[in-house]
Protein chains: 2
Amino acid sequence: MSLKFALLALLTGSPMTGYEIGKSFDASVGHVWNAPGSQIYPELRRLANAGLLNVEEVPEGRRKKIYSVTAAGRESLREWMNSPSTPEPTRENHFLKAAYLDWADPEAAQAQLQLWLAAFTQRLHIVEAVRDSLLNGTHPILRERLRTLPTDQHEAATAFKVFAFEGMAEEARQKIAWAERGLELLARLERTPARPADAPATQTARVTT
Amino acid sequence: MSLKFALLALLTGSPMTGYEIGKSFDASVGHVWNAPGSQIYPELRRLANAGLLNVEEVPEGRRKKIYSVTAAGRESLREWMNSPSTPEPTRENHFLKAAYLDWADPEAAQAQLQLWLAAFTQRLHIVEAVRDSLLNGTHPILRERLRTLPTDQHEAATAFKVFAFEGMAEEARQKIAWAERGLELLARLERTPARPADAPATQTARVTT
DNA sequence: AGCTTCATGTAATCCGTTACATGATTCC
DNA sequence: GGAATCATGTAACGGATTACATGAAGCT
């Protein structure tokens with residue numbers, strides 16, 4: 001339901017084309033909300049039809065459309081922000097899989113845990129980079145946004161974005177630690193299980209692989 | 001895509017009816033994966049048609065169907081477990097909203113943060129309770145599952161489930177701390193901003209509400 | 001001339017949510 | 001007899017993913 005509000009929120013920063021929104025999603029913002037072009041363009045049009053967005057067509061050569069938020073759009077965003085939302089029920093692939101990792105071959109389990117580790121590490125880097133750019137005034141969208149805001153609101157606008165990205169960073173750190181513990185668990189289990197109580201203690205033989 | 005595997009995984013524990021699966025979702029398992037009956041029943045039928053599940057109809061009075069996993073179903077599950085999955089792109093409502101909380105009225109922002117706090121706290125309790133029941137052998141589904149498994153695989157089957165639920169617990173704890181920091185931030189911002197540099201320092205007047 | 005990037009979209013399909021329908025059994 | 005729980009579903013809709021289509025601008 002909230003692609004709508006993700007778009008409205010983004011466009012309050014500064015007017016943009018659908019293409020640029022897609023780029024933003026691919027870069028920083030995509031870790032807050034993500035969507036492919038095939039979802040962005042139709043949604044933008046719907047929002048424009050509903051009067052929440054303004055379209056400025058730029059027909060000089062290119063056929064591009066710059067969207068900006070109307071007063072009604074700003075009102076709609078404010079309304080959403082003021083109405084409480086409950087967190088959605090969890091539906092995270094990795095927890096489901098983790099709970100049944102004993103079904104996987106040990107190598108596959110290890111590969112999966114390492115893949116998670118890599119993915120969450122990468123996410124952490126990106127999210128920390130965004131947070132830093134918010135703090136040191138490098139973030140282009142926030143920068144634009146602040147230009148249109150009275151100075152006494154700069155702190156809040158910045159602080160909440162930093163707050164959100166700090167939250168994502170923490171989550172990433174937590175999952176990194178979690179994946180590492182998973183690898184340890186796997187190693188521990190592999191050292192013990194299929195031994196029928198009387199196998200020799202020659203663990204040093206299985207060093208490779 | 002993984003309701004399919006959630007169902008297969010659950011049913012490897014012990015055969016069940018769609019209704020019982022729904023109950024499990026509402027109780028413990030729902031924090032790993034959740035779905036309403038309207039999604040469960042059709043999916044079960046599809047899986048049965050695909051030969052991954054076995055249906056035992058119990059026509060004695062009730063019209064109920066007990067589903068169990070076939071060899072093909074077990075194979076399909078194993079295949080999924082052995083093929084790596086990348087974590088899905090984030091699309092979490094609360095981070096999106098948090099990033100733009102300056103758009104909300106302070107009271108609404110506070111209410112929202114408190115709602116998150118309450119929801120994550122509740123989630124933490126449930127998830128910890130499940131983890132405990134896994135550890136002390138009270139968890140009914142795991143119990144059933146272990147009955148059909150050789151003893152030397154008990155440890156792994158239990159450990160991975162504990163691992164998953166510990167991960168969820170940590171995530172919940174992290175989000176609780178995050179929401180609390182959000183409340184502090186909000187309080188801090190409310191103490192300072194709209195003051196045009198020469199307002200009196202009589203903060204004690206605003207104690208109520 | 002050909003590749004990359006900019007820029008916008010359609011179509012099919014799938015997954016998920018909400019609302020509603022139905023009827024049997026069990027408990028009070 | 002009436003309410004709660006057991007048990008299974010249908011229908012409509014909306015949101016998301018994947019694949020494909022199109023064409024201009026700019027660079028090499």
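By convention in this document, chain letters (A, B, ...) are assigned in the order of the sequence lines, proteins followed by strands, and residues within each chain are numbered from 1.
Applying the ring pair (Phe, Tyr, Trp, His ring centres under 6.0 Å) test to residues at least two apart or on different chains, the pairs with a partner in residues 138-177 of chain A are A/Phe163-B/Trp178. Applying the salt bridge (charged side-chain N to carboxylate O under 4.0 Å, His left out) test to every pair with at least one member in residues 130-144 of chain A, sequence neighbours left out, gives these pairs: A/Arg131-A/Glu166, A/Glu144-A/Arg147. A ring pair (Phe, Tyr, Trp, His ring centres under 6.0 Å) check over residues 13-47 of chain B, counting only residues at least two apart or in different chains, returns nothing. Among residues at least two apart or in separate chains, salt bridge (charged side-chain N to carboxylate O under 4.0 Å, His left out) pairs with a member in residues 67-81 of chain B are B/Glu75-B/Arg78.
Partners of A/Asn136 according to the side chain to side chain donor-acceptor pair (under 3.5 Å) rule, which considers only residues two or more places apart in sequence or in another chain, are A/Thr138. In this structure A/Asp105 satisfies the side chain to side chain donor-acceptor pair (under 3.5 Å) test together with B/Asn82, sequence neighbours excluded. With sequence neighbours left out, the salt bridge (Lys or Arg N to Asp or Glu O under 4.0 Å) criterion links A/Arg91 to no other residue.
Computed from coordinates, the A/Phe5 CZ to D/dG15 C1' distance equals 14 Å when rounded to whole Å. One interatomic measurement links the two molecules: CD of A/Glu92 to P of C/dG16, which rounds to 14 Å at whole-angstrom precision. Across the protein-nucleic acid pair, B/Arg63 atom CZ and D/dA7 atom P stand 11 Å apart, rounded to whole Å. Atom CE of B/Met16 and atom P of D/dA7 are 13 Å apart (whole Å). The distance from atom NZ of B/Lys4 to atom P of C/dG16 is 13 Å, rounded to the nearest whole Å.
Here A/Met168 contributes atom CE and B/His94 contributes atom NE2; the two are 9.0 Å apart, rounded to the nearest 0.5 Å.
The nucleotide whose nearest atom lies closest to any side-chain atom of B/Lys64 is, among D/dT8, D/dA16, C/dA7, D/dT8. The side chain of B/Leu3 has C/dG16 as its nearest neighbour among D/dA16, C/dA7, C/dG16. Distances from the side chain of B/Tyr19 to the nucleotides D/dG9, C/dT17, D/dA7 place D/dA7 closest.
Listed by residue number, A/Pro36, A/Ser38, A/Gln39 are the residues of residues 20-56 of chain A with a heavy-atom contact under 4.0 Å to DNA chain D.
Nearer to the 5' terminus of DNA chain D, by closest-nucleotide assignment, is the contact made by B/Lys65 (compared with the other of B/Lys65 and B/Arg91).
Rounded to 10 degrees, the angle between the two end axes of the helix from C/dA1-D/dT28 to C/dC28-D/dG1 is 20°, with five pairs used at each end.
With salt bridges taken as basic N to acidic carboxylate O contacts below 4.0 Å, one links B/Glu43 and B/Arg46.
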